[in-house]
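Structure first, commentary second.
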Amino acid sequence: MPKVTINGMEIEVAPGTSILQAAEQLGIEVPRFCYHDKLSVPANCRMCLVQVEGGPPKPVASCAMACGDGMIVRTDTDVVKKARKGVMEMLLINHPLDCPICDQGGECDLQDQAMAYGFDRSRFHENKRAVTDKELGPLIKTVMTRCINCTRCVRFAEEVAGTPVLGQLNRGEDAEIGTFIEELVQTELSGNLIDICPVGALTSKPYAFKARSWELRKTESVDVHDALGSNIRVDSRGREVMRILPRLNEDINEEWISDKTRFSYDGLGRKRLDRPYIRSESSGKLYEASWPEAFVRIREKLEGLKGENIAALAGDMADVESMVALKDLMKNLGSPHLDCRTDNAHFDVTNRAGYLFNSTIAGIDEADLIILIGTNPRYEATMVNARIRRAWLERRVKVVMIGQASDLTYPYDHYGTGPKDIEQFAKEFAGKLPAQKPMMIVGAGVFRRDDGMALHQSLYDAAEKLGIVTKDWNGFNILHHAASRVGALEIGFVPQKNGHDFRNIIAGTKDGTIKALYLLGCDEFNARVNIGWKTFVIYQGHHGDHGAERADLVLPGAAYTEKDGIYVNAEGRPQLGKRAVHPPGESREDWKILRALSEELGVALPYNTLQELRQRIQSEWSIFKNIDEIAPAKWTKFGEKGKILKDPFAPYNEEYYLSNAICRASGTMHECVDAFIRKSNLSEAAE
């Protein structure tokens with residue numbers, strides 16, 4: 001362990017640690033533009049120059065020089081200060097003076113470092129050069145004259161996103177960043193290019209000229225567009241969400257988020273439900289109503305119904321509090337018919353180890369073999385895919401795929417497409433996998449089959465044969481798609497004793513046994529087609545989407561940015577979502593609607609505040625006592641014996657940018673579909 005002295009302070013660091021990293025550990029600021037701790041080191045901006053005693057006679061780039069034992073470094077000498085001023089002056093030679101109209105203003109590294117390390121005047125009198133702006137798609141706005149050629153975007157696109165379309169072109173005065181041919185940046189992580197750009201060369205196109213950072217109220221929350229629970233910051237002004245940015249969490253999303261998470265926020269203000277609606281029995285059209293009118297109609301429709309004639313379904317973005325309130329309401333009404341698996345999945349819910357991402361997301365960094373089964377993590381869980389790519393890129397971890405082939409941004413061995421191939425793989429490599437910490441990642445879509453329960457047991461047997469689970473390592477993982485799914489499974493929002501699951505509930509609406517159905521934010525199946533027309537359907541949600549289209553009565557709820565709520569991610573980690581803005585019109589938080597409705601129905605729920613509701617949750621389910629902590633699951637057998645079908649696993653066939661109600665309401669997401677998907681399909685058809 002080398003010991004290095006920086007500005008008179010000694011520190012012991014791990015071998016390979018750079019001077020810049022050592023200085024950061026001591027709290028010494030070293031300016032930089034090209035260096036980023038998640039990317040490779042190019043050492044091309046030269047802003048991080050320091051002096052090493054007994055080393056080279058000139059200042060050295062601290063980001064690229066590893067610490068040596070006994071090294072003495074100075075970061076504040078006159079030589080260093082003069083060198084940094086010279087570098088800053090060179091960087092600003094061609095930089096335009098457009099800070100007042102630049103969206104990066106107020107949060108720009110170049111602004112900050114020019115103030116701290118630059119001259120207060122310029123000696124450059126020649127004409128500044130100009131660089132043509134690039135068209136990178138509907139998400140990224142370019143002003144390439146501002147670019148300082150730090151190459152962060154080039155390295156991110158190649159190393160993290162796995163789509164190397166950007167590069168450094170030409171030399172000297174003509175050097176610029178661009179695409180080698182006219183091409184869009186087609187990656188689900190493209191918005192992160194905006195975050196890592198240290199100047200205003202790459203900014204958000206949907207956010208352009210909308211607000212300044214100091215005008216916005218910043219709220220820390222979690223994402224609900226997939227099951228990972230990426231940590232985000234919601235920036236709002238008044239009642240409008242202006243932008244969504246990533247929040248650092250090394251255990252989940254690190255400092256990245258997907259484009260769907262970042263750019264779909266405009267859908268929060270469109271096609272919203274802001275008042276109750278009741279469907280007229282004569283005309284069949286929905287008309288506006290008051291809350292008392294809506295509650296009275298529900299009471300009239302439910303009066304005289306037995307509990308066995310009532311059912312409830314929870315959608316993909318529901319928070320734990322609202323699902324607990326709905327479960328308690330159904331229990332008071334005597335209904336055992338509950339389910340959260342509205343994607344038609346069928347698997348064993350009695351064992352937590354059978355439905356959790358047991359290795360944890362950060363565990364991908366430890367795995368030395370990854371087996372993907374029936375999943376496309378690039379679209380189902382973008383941040384998981386980025387971690388798998390890094391495992392392959394940095395450690396050459398082998399990836400095996402059993403399922404439909406697709407472009408995952410890294411190479412893999414395609415072993416087969418169906419359940420039979422899992423059995424064959426387990427038989428071939430039983431007890432002799434070339435790995436100490438193998439990881440099996442099973443897509444939740446695998447269970448959308450009639451043989452889901454049998455397949456679940458087959459996966460358990462395969463994991464046992466392959467040694468996926470050991471005393472110190474549980475490599476069996478289910479990759480869910482829905483933010484609410486694991487939370488719903490943890491609280492038991494599944495069929496109770498003698499209760500129907502999703503398939504039987506839908507069948508019951510058609511044969512008349514289910515006379516009333518409560519949809520809590522259920523938009524991810526075509527309710528108009530699936531639900532029988534004789535059933536009275538109550539829809540509670542925030543968008544006029546598939547569920548509201550079929551509903552006989554609509555109750556306006558709050559979106560995830562408009563309420564405090566608990567969400568449990570795929571690992572089983574409960575996290576707090578915070579309210580950033582107020583819901584529109586007469587919309588209310590979901591649990592409050594259910595509490596008020598229970599009063600009207602004469603089965604009042606025993607809590608009046610969010611705190612009381614959370615105490616009720618913690619009293620029954622201990623995992624919610626420790627927010628942001630994972631309660632490990634005991635590895636025991638799950639699934640049921642049965643016949644496994646020979647059908648191959650279905651491919652991922654959802655439209656990534658339109659996968660939920662918020663995205664379908666977002667104009668930006670529709671622009672992405674037009675730019676990235678439909679044009680690509682047209683190009684392929686032309687070829």
For [Y], does its backbone N or O pair with a side-chain atom of [X] as donor and acceptor, under 3.5 Å?
| X | Y | answer |
| --- | --- | --- |
| Gln51 | Val80 | no |
| His225 | Thr261 | no |
| Asn477 | Asn358 | yes |
| Asn192 | Ile257 | yes |
| Glu158 | Val154 | no |
| Arg146 | His95 | no |
| Arg155 | Cys34 | yes |
| Asn7 | Thr75 | yes |
| Thr179 | Val165 | no |
| Lys134 | Thr142 | no |

Yes or no on salt bridge (Lys or Arg N to Asp or Glu O under 4.0 Å) for Asp407 and Arg378, after CA distance, side-chain angles and deciding distance? CA-CA 8 Å; Asp407 179 11; Arg378 180 174 180 180; 3.2 Å; yes
Flag the pair [X] and [Y] as a salt bridge only when some basic side-chain nitrogen lies within less than 4.0 angstrom of an acidic carboxylate oxygen.
| X | Y | result |
| --- | --- | --- |
| Glu24 | Arg32 | yes |
| Asp174 | Arg129 | no |
| Asp195 | Arg262 | yes |
| Lys38 | Glu159 | no |

For [X], I'd like to know if atom [atom1] has over 12 heavy atoms of other residues, nucleotides or ligands within 6.0 Å.
| X | atom1 | value |
| --- | --- | --- |
| Glu10 | CD | yes |
| Met115 | CE | no |
| Lys3 | NZ | no |
| Gln436 | CD | no |
| Asp78 | CG | no |

Working to the nearest 0.5 Å, report the span between [atom1] of [X] and [atom2] of [Y].
| X | Y | atom1 | atom2 | result |
| --- | --- | --- | --- | --- |
| Arg74 | Ile28 | CZ | CD1 | 9.0 Å |
| Asn253 | Thr382 | CG | OG1 | 11.5 Å |
| Leu372 | Met440 | CG | CE | 10.5 Å |
| Ser622 | Asn626 | OG | CG | 8.5 Å |
| Arg152 | Asp109 | CZ | CG | 6.0 Å |
| Arg390 | Tyr410 | CZ | OH | 13.0 Å |

Hydrogens and angles aside, do [X] and [Y] bring a side-chain donor and acceptor to less than 3.5 Å of each other?
| X | Y | answer |
| --- | --- | --- |
| Asn249 | Glu254 | no |
| Asp223 | Tyr567 | no |
| Glu380 | Thr375 | yes |

From the list Arg573, Arg352, Glu629, side-chain contact (heavy atoms from CB on, under 4.5 Å) with Ile623 holds only for Arg352
Candidate list Val222, Val320, Asp319, test side-chain contact (heavy atoms from CB on, under 4.5 Å), partner Ile566, passing option: Val320
Hey, does the Lys NZ or Arg CZ of Arg396 hover above the aromatic six-ring of Trp392, less than 6.0 Å from the centre and inside 45° of the axis? yes
Any cation-pi pair here, Arg243 with Tyr207, using under 6.0 Å and within 45°? yes
What pair of heavy atoms forms the shortest contact from [X] to [Y], and how long is it?
| X | Y | answer |
| --- | --- | --- |
| Gly467 | Pro438 | O-CG, 3.8 Å |
| Leu610 | Asp564 | CD2-CB, 3.8 Å |
| Leu139 | Asp259 | CD1-OD2, 3.5 Å |
| Val131 | Glu176 | CG1-OE1, 3.4 Å |
| Ala211 | Leu216 | CB-CD2, 3.8 Å |
| Lys398 | Leu369 | O-CD1, 3.4 Å |

Of Glu490, His480, Arg485, the residue whose pairing with Tyr355 passes side chain to side chain donor-acceptor pair (under 3.5 Å): Glu490
Please, which pairs that meet salt bridge (charged side-chain N to carboxylate O under 4.0 Å, His left out) have at least one residue in residues 204-214, sequence neighbours excluded? Glu135-Lys205
With a 4.5 Å cut-off on side-chain heavy atoms, are [Y] and [X] touching?
| X | Y | answer |
| --- | --- | --- |
| Arg614 | Leu576 | yes |
| Ile388 | Leu408 | no |
| Lys141 | Leu202 | no |
| Val52 | Ile72 | no |

Of the options Arg247, Arg579, Arg233, which is the one that meets Glu220 in a salt bridge (charged side-chain N to carboxylate O under 4.0 Å, His left out)? Arg247
Apply ring-ring contact (aromatic ring centres under 6.0 Å, His included) to Phe263 and list each qualifying residue two or more places apart in sequence or on a separate chain. none
Output, in order, the C-alpha distance, side-chain angles, deciding distance and verdict of side chain to side chain contact (heavy atoms under 4.5 Å, CB included) for Asn149 and Ile177. CA-CA 7 Å; Asn149 292 279; Ile177 300 292; 4.0 Å; yes
Hey, mind stepping through Phe156 and Leu189 against side chain to side chain contact (heavy atoms under 4.5 Å, CB included) and telling me if it holds? CA-CA 9 Å; Phe156 176 86; Leu189 294 165; 4.0 Å; yes
Run Ile617 and Trp621 through side chain to side chain contact (heavy atoms under 4.5 Å, CB included) and show every step you take. CA-CA 6 Å; Ile617 292 170; Trp621 300 286; 3.9 Å; yes
Donor-acceptor pairs are to be reported for all side-chain atoms of residues 85-92 against protein atoms at under 3.5 Å, with residues two or more places apart or in another chain.
{"from": "Lys85", "atom 1": "NZ", "to": "Gly118", "atom 2": "O", "distance (Å)": "3.4"}
{"from": "Glu89", "atom 1": "OE1", "to": "Arg123", "atom 2": "NH2", "distance (Å)": "2.7"}
{"from": "Glu89", "atom 1": "OE2", "to": "Arg123", "atom 2": "NE", "distance (Å)": "2.8"}
{"from": "Glu89", "atom 1": "OE2", "to": "Arg123", "atom 2": "NH2", "distance (Å)": "3.3"}

Is there a side chain to side chain contact (heavy atoms under 4.5 Å, CB included) between Gln575 and Ile252? Walk through the geometry before answering. CA-CA 11 Å; Gln575 298 185 102; Ile252 303 174; 3.3 Å; yes
Kindly assign one of parallel, tilted or perpendicular to the pair Trp256 and His36, based on the angle between their ring planes and the thresholds 30° and 60°. parallel
